[in-house]
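Values in this document were obtained by computation on a predicted structure and should not be read as measured data. In what follows, chains carry the letters A, B, and so on, assigned in the order in which the sequence lines appear, proteins first and then strands, with residues in each chain numbered from 1.
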2 protein chains.
Amino acid sequence: MDDQTNHASASPGKRMLSEQVYAHLRDAIMRGDHAPGDALKPQDLAREQGVSLAVVREALVRVVGEGLADRLPNRGFAVPAYSDRRWQEIAEARRTLEPAMLRMSVERGDVDWEARVRAAHHRLSRTPAYVPEEGEHYSGAWAEAHRVFHRTLLEGCGNLVLLETFDRMWTASELARRWSAHRNPGRDGVLEHRRLEEAALARDADTAAEVLTQHLTQTAAGLTGDPHPEPAAAPSPAPAPAPQPDSA
Amino acid sequence: MDDQTNHASASPGKRMLSEQVYAHLRDAIMRGDHAPGDALKPQDLAREQGVSLAVVREALVRVVGEGLADRLPNRGFAVPAYSDRRWQEIAEARRTLEPAMLRMSVERGDVDWEARVRAAHHRLSRTPAYVPEEGEHYSGAWAEAHRVFHRTLLEGCGNLVLLETFDRMWTASELARRWSAHRNPGRDGVLEHRRLEEAALARDADTAAEVLTQHLTQTAAGLTGDPHPEPAAAPSPAPAPAPQPDSA
DNA sequence: ATCGGATGAATAATCGATTATTAGTGTTAT
DNA sequence: ATAACACTAATAATCGATTATTCATCCGAT
């Protein structure tokens, strides 16, 4: 989670307080530290992180721009309430966009892309989806490997605008998933990912797109249902043996 | 530009300074008041509009989030430099997304949608693309009618996430167009729009999608080329008799 | 008892001023 | 003449404090 510790000279987002606060806030929301509907009070956040209101405010505005928070004029900021309707729309948007992007990738990807797909799939397949500490949810490492795999598959398309759109939708998906009752016990995400990799590297655009569509459809179906009642960051003991995460 | 004059109780963005400043800044960039590469200095903007740095800063952050400005850490904000590559990517992204959305619209749109499509097309067809005052560029009223027509066509899909994506890409397109040498003298945008309306209302998804794809492809082709050298808001006398704008 | 308006605490929004970083300019040593 | 360094002006980033708005509570009239 806190990965800003030792970056020698890496990212362009260097030492700007607002950048760190933004990243922290974003991660906190994605991790579920704040429940949907919860107010994000600038003063509290500022005190917690020992910074002024201005930087928190800037971070909040950015987060709102990404759809990770709502802003109510003169009423402050809040984590968006879970909306089944919105989740289904996100899923549909992904089904509209990603198969088309995957086709482009398969048609255009070069050898470097192939290599990166292999690497990403390997890493994903070797990362445990669940670890004892992190409660009922899949591990942060797995979530990241999962994201990188899906993104790498699409990166062959070479279109940064489309990839930005993918990033945005992925983020929205992950947040929705975090607050959904996930219920896809028999789902075999590992197999689906392997089939995706194979079709992509075989340059079989039709199959790849079809598999991805199925993948996304299953995920959407799995997440349909009630916004669950879990209070907030309460690691209740897993009621059922942890299945594969519903993995798109 | 100032369209916040007489909204009885319409928009949620009520009286918040940052909102007004944001809208103003956004419009200014879209109108071309600031040339690509120009620095957007918070102090100047604050002085011009008689507000504090904080609100200008907030507006700038939002504008950056929309892709209408770049941020260089510790170096301030700037209007993004024109990039032919990026423009082509935007055009491709629109070709990827919009025909698919139009299909959904045609399949799902109800009578209300049909009525709004007719209304939007009527308004577009009756709005002059050029007016003497506004130099070589199409009028603000036409640009808005044009946007509303295209958006209305897609609104039948009923997917807010996809429509948000459309809005984002449309904005990027308009900015790119503003700073491109537009060169499509013989283009008949009026005809293309009428064909779009007809196919949509006839519920002919294939034809509608095809026409839209052509529309977008022609626009992209028309805008390919050099980032032109016009200094900044310098209304040079139109060198050629104004043709239809390259209209997607 | 209930509705409506006054009162005050909480906090969102904005401001004016301070600190930190950058870019430019001039100077000096090689 | 040039390259490295010091100094300075401009401005980006941040802070602490002020003003404006909302929400809850309390009181009094019907």
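Atom pair E19(A):CD and dT14(D):P shows a separation of 10 Å (rounding to whole Å applied). In this structure, the CG atom of D44(A) is 7 Å from the P atom of dT11(C), given to the nearest Å. Atom C1' of nucleotide dA13(C) and atom NZ of K41(A) are separated by 16 Å, given to the nearest angstrom. In this structure, Q43(A) places its CD atom 14 Å from P of dT18(D), rounding to the nearest Å. To the nearest angstrom, C1' of dA12(C) lies 9 Å from CE of M16(B). Rounding to whole angstrom units, CG of residue L53(B) and P of dT18(D) are separated by 19 Å. Between the CG atom of L17(B) and the C1' atom of dT19(D) there is a distance of 12 Å, given to the nearest Å. The CG-P distance, from L45(A) to dT11(C), rounds to 12 Å in whole Å.
Using modelled atom types, one finds no donor on one side chain facing an acceptor on the other under 3.5 Å when comparing R178(B) with Y138(B). Judged purely by distance below 3.5 Å, without hydrogens or angles, the side chains of Y130(A) and S139(A) never pair a donor atom with an acceptor atom.
Between P42(B) and A54(B), the residue anchored closer to the 5' end of DNA chain D is P42(B), taking for each the nucleotide with the nearest heavy atom. Between R75(A) and E58(A), the residue anchored closer to the 5' end of DNA chain D is E58(A), taking for each the nucleotide with the nearest heavy atom.
Neither OP1 nor OP2 of dA13(C) sits under 4.0 Å from any side-chain N or O of S18(B). Using a 4.0 Å cut-off, no side-chain N or O of R47(B) falls inside it from OP1 or OP2 of dT11(D). For the pair S52(A) and dT14(D), the criterion of a side-chain N or O lying under 4.0 Å from OP1 or OP2 is not met.
Taking the six-membered ring where the residue is Trp, H150(B) and W170(B) present tilted rings, their angle falling between 30° and 60°.
Residue R57(B) is classed as a base contact, given a heavy-atom separation below 4.0 Å to a base.
M104(A) has its side chain out of reach of L154(A): every pair of non-hydrogen atoms, C-beta onward, lies at least 4.5 Å apart. Side-chain contact between L124(B) and H146(B): present, with at least one pair of heavy atoms (C-beta onward) separated by less than 4.5 Å.
Checking dT14(C), dA13(C), dT21(C) against every side-chain atom of N74(B), the shortest atom distance belongs to dT21(C).
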